[in-house]
Amino acid sequence: MTEENYNYRTSQTLLRNQFPGKGKWEILIIPRFEPHLGDFDDLLLIGFDKTHLEDRNHLDRMVHFFLYDYRFERVWKNPDSDIEKLARYRAVFSPDFSMYLEMAPVMQLYNVFRNRWCGAYWASKGIRVIPTVNWGDESTFDFCFEGIRKGSVVAVSTYMASEHGNRCDQKEWFMAGYNEMLRRIEPIKIICYNTPFPEMQGDIVYVDYERSSWKYMSYERSCTSEDLESFKIGGQTPPIHDTIASFIDVPLTKGGGSAYGGQWRPSPNKPGDQRFLGEPGQIISSHASGKRGGYERDTKIGDDGRAAVERHYTDHGRPDIHTDPHDHIFDWSKGFPDPGPPINYPDGAPEFKRFGGHRYMHKMIGMNSFEDNCFKTISDFKWCVNHGGEVEFEWKGRSYGIWPKLRKTPDAPLQMVISQIHIDNPASTEKWCDTADDVLEYLVSGDRLRDVITQVTVWDRTI
């Protein structure tokens, strides 16, 4: 055997067996994380792709890998390249290599091994490591919890399983694995990135997805035309950027479950969602909650069994923007009911008739409670208004309304407006915005909306 051959065959870059393993697959064990006082107080995270050696402002955060795998493959291929950088942060999660249901089982097993190996390696270098736990379906339970000591602190994310378009099938998958994790690992604390489900048991540390985003960081890298050019197919990633995420305003995050998401379903926690699905030709009546008794609405079901148009019997406190009644047409091209701008009838509304030659059917459903309507996170709020949701809320005794996708003039781009309502001149308080982030900068009773949106009383929201 030549020296070159010997060195290759014994290299830890190839073997990865320098740490003790456990079980049939000898999956490496990550040492138990020892919490320090204050570790979990008002905890924020930072994505691996946003870490760098020059960072001085976010070292009290923990580093997460709830990102697409290509953004952190280098920690496996070149494990020493980021040691100095990662050691500067409060703690580091083990890398969340994908466990998609569509993957071949051997790939799922391989990604669990990589998760644990990186965690064990970093711990051997003095880095404080918290295991990230992920799973596929029940067939992965025999190996996906290996390498984590009982009583450990662990990290999970509900982002991909939460109801972005009401993907309830993803939630069922998530809860099955979560409960199995509780049984097998018995974690002393679970760091949950994004809103926990009400059914989740255990000592959970909730980390707000939005507050941990790059928008709340006090630095941001610049982008040049040369940078963007390099992202063309076949181009090379510029050295100062790990991904294109800095240049686009969409959440580039991932988790386990299905890579394709799921079909939209009504949320069992929101009775008002039942109005979006029914029998062709059906008109579903419901009462929307509101500070002044709410209002009535009728939802017409189209040929495909989904809401086609909805009539609101109110002006939402802004008669200059809405007539009473007015209609909204639903767009399902994104997979969920996306209401369009109001169709107003200043000369009187036409009769709200069934259509398509279907037999007329009528149905009454219940309404959401104020607790159902409230925004659990900033991300929840942004999803609502970015997809056509109308919102009425109260803060410190004053009522406000938000109406997305309205035109200030016939030729203007679609925007959204926020204003105080139920006053003599609501237009004097309005602000026209291009994005949900602009809306969140609006002052409500002296407070920035971004700071209080999860505390306000939400009287009504259409989605």
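Keep in mind the model is a prediction, meaning the values are calculated, not measured.
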- Message: Can you confirm whether the side chains of H287 and E296 place a donor and an acceptor under 3.5 Å from each other?
- Response: yes
- Query: Do the rings of Y178 and F174 sit parallel, tilted or perpendicular, given the 30° and 60° boundaries?
  - Reply: parallel
- Message: With a 4.5 Å cut-off on side-chain heavy atoms, are Y345 and R311 touching?
- Response: yes
- Query: Can you say whether the rings of W135 and W173 are parallel (under 30°), tilted (30 to 60°) or perpendicular (over 60°)?
  - Reply: tilted
- E441 bridged to R450 by N-O distance under 4.0 Å: yes
- Note on the structure: Sequence neighbours excluded, the answer for ring pair (Phe, Tyr, Trp, His ring centres under 6.0 Å) partners of F141 is F145
- F336/F276 under ring pair (Phe, Tyr, Trp, His ring centres under 6.0 Å): CA gap, chis, key distance, verdict: CA-CA 9 Å; F336 56 86; F276 295 125; 10.0 Å; no
- Message: Suppose we screen for salt bridge (Lys or Arg N to Asp or Glu O under 4.0 Å). Which residues come up paired with D304, at least two apart in sequence or across chains?
- Response: R306
- Message: Against F65, only a single residue in S157, S94, P95 fulfils side chain to side chain contact (heavy atoms under 4.5 Å, CB included); can you say which?
- Response: P95
- Task: Using a 4.5 Å cut-off on heavy atoms from C-beta on, say whether the side chain of F48 contacts that of K50.
- Result: no
- Item | Contact check, side chains of I301 and I283, non-hydrogen atoms, under 4.5 Å | no
- Query: Within the side chain of N115, is there an N or O that forms a donor-acceptor pair under 3.5 Å with the backbone of N111?
  - Reply: no
- Hey, what's the ring geometry for W76 with Y110, parallel, tilted or perpendicular (30° and 60° as the breaks)? perpendicular
- Task: Without swapping roles, check the side chain of S152 against the backbone of V154 for a donor-acceptor pair under 3.5 Å.
- Result: no
- Query: Is NZ or CZ of K382 both nearer than 6.0 Å to the six-membered ring centre of F375 and within 45° of the ring axis?
  - Reply: no
- Task: Check whether the side chains of H316 and E392 place a donor and an acceptor atom closer than 3.5 Å, and report yes or no.
- Result: no
